[in-house]
Amino acid sequence: DGGITQSPKYLFRKEGQNVTLSCEQNLNHDAMYWYRQDPGQGLRLIYYSQIVNDFQKGDIAEGYSVSREKKESFPLTVTSAQKNPTAFYLCASARGQGNGYTFGSGTRLTVV
Amino acid sequence: DQQVKQNSPSLSVQEGRISILNCDYTNSMFDYFLWYKKYPAEGPTFLISISSIKDKNEDGRFTVFLNKSAKHLSLHIVPSQPGDSAVYFCAASNPFENRDDKIIFGKGTRLHILP
């Protein structure tokens with residue numbers, strides 16, 4: 001079955017450590033996105049990529065980095081520069097041209 | 001500056017009654033609108049969409065209405081069921097002019113269906 005997989009579902013890290021969240025899709029979608037959800041804030045766009053080896057900053061990119069070396073994969077690194085990293089992170093992919101997104105099941109990151 | 005606004009953070013509706021979730025937008029270039037449903041600790045799932053050339057789209061118990069002149073859309077759920085309790089996100093995009101195909105989400109409305 002085609003889908004988008006985020007791993008792990010729960011992640012704990014110590015303050016000051018970088019951490020990488022995985023996102024893999026087998027939908028053959030060109031575009032991939034990372035969102036962050038905080039209570040009362042809705043979904044805020046961190047980074048997105050329309051094509052392999054290219055990505056763009058979203059609204060809240062500071063403290064995050066991404067790579068898009070393969071069409072199927074779009075990992076997100078939460079760096080120590082991110083002031084409030086504890087959140088629920090969602091990855092999505094899209095075929096493009098207004099077809100909407102398919103979301104992964106999310107990763108809950110807790111930094112202690 | 002919020003381009004997609006859901007002004008009601010939460011809504012409680014009796015089971016069997018109609019749930020109406022509202023959404024306003026400010027960007028007149030948006031021409032495609034979507035509703036997503038989200039359960040806790042899960043990713044959002046697509047519910048229903050509407051193109052700006054229509055004013056209504058229906059799918060089973062779910063109907064979305066679009067009023068372009070008022071820049072307003074609403075999602076109607078009839079009849080409401082316990083499984084409808086979730087957070088609903090309104091979203092908008094301009095897929096044919098917006099080359100990066102970004103979707104702009106509202107902050108969500110938490111719907112509680114009361115027994």
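All heavy atoms count here, side chains included; hydrogens, waters and symmetry mates do not.
Put simply, the side chain of A/Gln37 reaches to within 4.5 Å of the side chain of B/Phe89, judged on heavy atoms.
For A/Leu45, the part sitting under 4.5 Å from any heavy atom of chain B is the side chain, from C-beta outward, and nothing else. With a threshold of 4.5 angstrom between heavy atoms, A/Leu90 approaches chain B through side-chain atoms but not through N, CA, C or O. Neither the backbone nor the side chain of B/Pro9 comes within less than 4.5 Å of any heavy atom of chain A.
In terms of hydrophobic clustering, with Ile, Leu, Val, Met, Phe, Trp and Tyr side chains grouped at heavy-atom distances under 4.5 Å, B/Phe30 and B/Tyr32 are assigned to different clusters. Under the 4.5 Å side-chain heavy-atom criterion for grouping Ile, Leu, Val, Met, Phe, Trp and Tyr, A/Tyr33 is not connected to A/Ile4 through any hydrophobic cluster. By the rule that hydrophobic residues join a cluster once side-chain heavy atoms approach within less than 4.5 Å of another member, B/Ile103 and B/Phe46 end up as members of one cluster. Tracing side-chain contacts under 4.5 Å through hydrophobic residues (I, L, V, M, F, W, Y), one reaches B/Trp35 starting from B/Phe62; they form part of the same cluster. A chain of hydrophobic side-chain contacts below 4.5 Å, direct or via other Ile, Leu, Val, Met, Phe, Trp or Tyr residues, connects B/Ile104 to B/Ile48.
Between the side chain of A/Lys9 and the backbone N or O of B/Ala41 there is at least one donor-acceptor pair closer than 3.5 Å.
The aromatic ring centres of B/Phe105 and A/Tyr35 sit less than 6.0 Å apart. When ring centroids are compared, B/Tyr36 and A/Tyr101 stay outside the 6.0 Å threshold.
For A/Ile51, the CD1 atom sits in a loose shell: 12 or fewer heavy atoms of surrounding residues, nucleotides or ligands are nearer than 6.0 Å. With a 6.0 Å radius and a threshold of 12 heavy atoms from other residues, nucleotides or ligands, B/Arg17 has its CZ atom at or below the threshold.
Close approach to chain B, defined as a heavy atom under 4.5 Å from one of its heavy atoms, is seen in no residue of residues 57-83 of chain A.
Here the straight-line distance linking atom CZ of A/Phe88 with atom NZ of B/Lys38 works out to 4.5 Å at 0.5 Å rounding.
Ranking A/Ala92, A/Gly42, A/Ser49 against chain B, the residue ahead of the rest is A/Gly42, based on heavy-atom pairs under 4.5 Å.
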